Amino acid sequence: MCGITGYIGDQDALPLVRTGLQNLEYRGYDSAGIAADTGELSIYKRSGKVKELLSAAPESADARRAIGHTRWSTHGPPTDTNAHPHTNCDGSVAVVHNGIVENYDTIKDELADHTFESDTDTEVIPHLISEYLDDGLTPADAVRETVNRLSGSYAIVVMVAGDDRIYAARNESPLVIGHGDDGMFLASDVTAFLEETQRVTYMQDGDLAVLSATGLNLYRHGEMVDPEIETLDWEADAAEKGGYSHYMLKEIHEQPSALRQTISGRLDVDAGEADLELAIPDEYLQSLDEIQIVACGTSYYAGEYAARLFEELANVRTTVTIASEYAVNDSRDPWRTLGLAVTQSGETADTLSAIRTASDAGMKTMAVTNTLGSSVTRETNESVFIRAGPEIGVAATKTFASQVATLGMLAVAFGRKRGELSRDRAATVLENLRSIPGAIQQVLDRDQQIGAVAEAYADSDSFFFIGRHLGYPVALEGALKLKEISYDHAEGFAAGELKHGPLALVTGHTPVLAVLTEGARPQETQNNVKEVQAREAPVIGATTSDYNRYLDETFSVPDVGVFSPLVANVYWQLFAYYVADLKDRSIDKPRNLAKSVTVE
Ligand code: M6R
């Protein structure tokens, strides 16, 4: 969704902010803008792509501070006027904002003598700041007072003409500060400035940051605090395409290395132990009655996969709820119920809201996330990182694999601590986990075959994905991937459900993609394959063993036990990719979608 970038320091700020905006494009947006200090605050804004803004703005301006924004419309359509930055009446205060100011109407009414140009909620912010400046407040105090008046979620970044600082504040919307060699960076996510510095400070809700060319003053709830500086271990080129035509393709191919990172140092196969450095006491896990997973989209499907593993390996009842539908059932004992948020970004508003609900009900909460310092890590009692590295493509690929692998390790750890999982069974599952990167590599090595199959079926009317047990979430995820990047109609079904309705839609022009691997009850699914073939549907099967006799196309999957469906999923990712590529779709930034969905 919206993205923020900024720089203050000894370098010319404009080229850095231009690059920052390009790095943020993957988040999804529909207009963009820049404010640069060129002696006055020069504002450049354009609806449409960042490249249109960049051709309208100068490449350099000898500016020592600048801020930039990519906007994903909520209040008002994507026009030049509605693009950020927004300014006050005389253009002396410039603001970029992510989130929603819920009380903007009330504030606007109070500012009756101000002239507003846009339809946005954001525009009240610079006007309100200028009121406080007129009252004699310093810029820092004017920003602080303004923030105190806002309700809703926001990350705001402010420049005032004639001043030499950048001000930033956040509430429920991420902001991260980068400590460079010759200046300070600021962004809604680190990919904006990853090539410049990996030394970062994550802002927290209630923080006010005052950035100057020489450093950072950080105020937490009014008190100055020492900023905590973390050093990321993400390679700068991890956020670049590295020779692939799309980030998505690169990220699909990165899965073996991402998974090696995910499991590195965490498995003791012989002992049957997975060590995720959990602080959660063993006694708590032993008395646990239920895990309630909350997540959205692909992370929800990873949660569905995990629920089956928690039930099977740790013998603990596990529910999975789409985060926006989550409510706490009063009959549960909160002390014996764990709320588990699965979110790669750690910033998904629906997931954050659901995990807060769990926390408010008295549950212990845990996050499985890719993003150090993200909001979910502060909202939960414990965080486990999936270590997949930055994922730029809007379509989640490697993070799904790393989520499932991490949750699989958690299921083993819980099973062992609860005394529900034997050492031998745990060792087998961990050995399977260790084998996933090699198994996925074998799938990736067949990507020409997948491209050819995709070409043969790309013009179908609709695509059905089916699977059972661990193959069911993979069917759902396969369909989501195809629909979001190719814009073709695709649905995922529990294989046994077809005959209860969806079979009516099956014709010779609806290819059915079936998961027929270990862990996905292939024997039973084979009956469903025959059902659809009797209606002339071609069947593409991802299969581990002997279930290829009736298939029209066979994708063979190495047997890695309960993780075999996860490996089959890589076929579905590549299938979706090649279908979308043939149709020349905007694969990394599909229409209407955003990487990080920070509104409810
Ligand atoms: O960052 P999150 O994992 O919380 O994101 C949740 C969904 O928005 C996300 O998984 C989305 O469904 C995928 N980008 C689809 O490929």
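In listed order, ligands and their atoms are each counted from 1. In this text the structure is predicted, and so the values were computed from the model without any measurement.
Among all non-hydrogen protein atoms, the one lying nearest atom 14 (N) of ligand 1 is Val394 O, 2.7 Å. Remark: minimum distance from atom 3 (O) of ligand 1 to any protein heavy atom is reached at Ser299 OG, 2.5 Å. In terms of protein heavy-atom proximity, atom 1 (O) of ligand 1 is closest to Ser345 OG, 2.6 Å. Among all non-hydrogen protein atoms, the one lying nearest atom 7 (C) of ligand 1 is Cys296 O, 3.6 Å. Nearest to atom 11 (C) of ligand 1 among the protein's heavy atoms is Thr298 N, 4.0 Å. What sits closest to atom 2 (P) of ligand 1 on the protein, heavy atoms only, is Thr348 OG1, 3.2 Å. The single protein non-hydrogen atom nearest to atom 8 (O) of ligand 1 is Val597 CG2, 4.1 Å, given as residue, atom name and distance.
Residue contacts with ligand 1 for Thr399 are absent, since no atom lies close enough (heavy atoms, distance under 4.0 Å). Contact annotation for Glu484 and ligand 1: only side-chain heavy atoms (C-beta onward) come within less than 4.0 Å of the ligand.
Cation-pi geometry between Lys583 and Tyr487 is not met: the NZ or CZ atom fails to fall both under 6.0 Å from the ring centre and inside 45° of the normal.
A donor-acceptor contact shorter than 3.5 Å is absent between the side chain of Arg468 and the backbone of Ala495. The closest donor-acceptor contact from the side chain of Thr351 to the backbone of Glu347 lies at 3.5 Å or more, if one exists at all.
The aromatic rings of Phe465 and Trp572 lie perpendicular to each other, with more than 60° between the two planes, well past the 30° mark.
Not a single N or O atom of Ala395, backbone or side chain, sits closer than 3.5 Å to an N or O atom of ligand 1.
Ring centroid separation for the pair Phe464 and Phe493 comes in under the 6.0 Å cut-off.
In this structure, Lys595 falls outside the shell of residues with a heavy atom less than 4.0 angstrom from ligand 1.
Between Glu254 and Lys250 there is a salt bridge, with a side-chain nitrogen of the basic residue lying less than 4.0 Å from a carboxylate oxygen of the acidic one.
A donor-acceptor contact under 3.5 angstrom links the side chains of His69 and Asn98, judged on distance only. Between Gln403 and Ser299, the side chains place a donor N or O and an acceptor N or O closer than 3.5 Å (distance only, hydrogens not considered).
Listed by number with element, the atoms of ligand 1 under 4.0 Å from a non-hydrogen atom of Lys481 are 15 (C), 16 (O).
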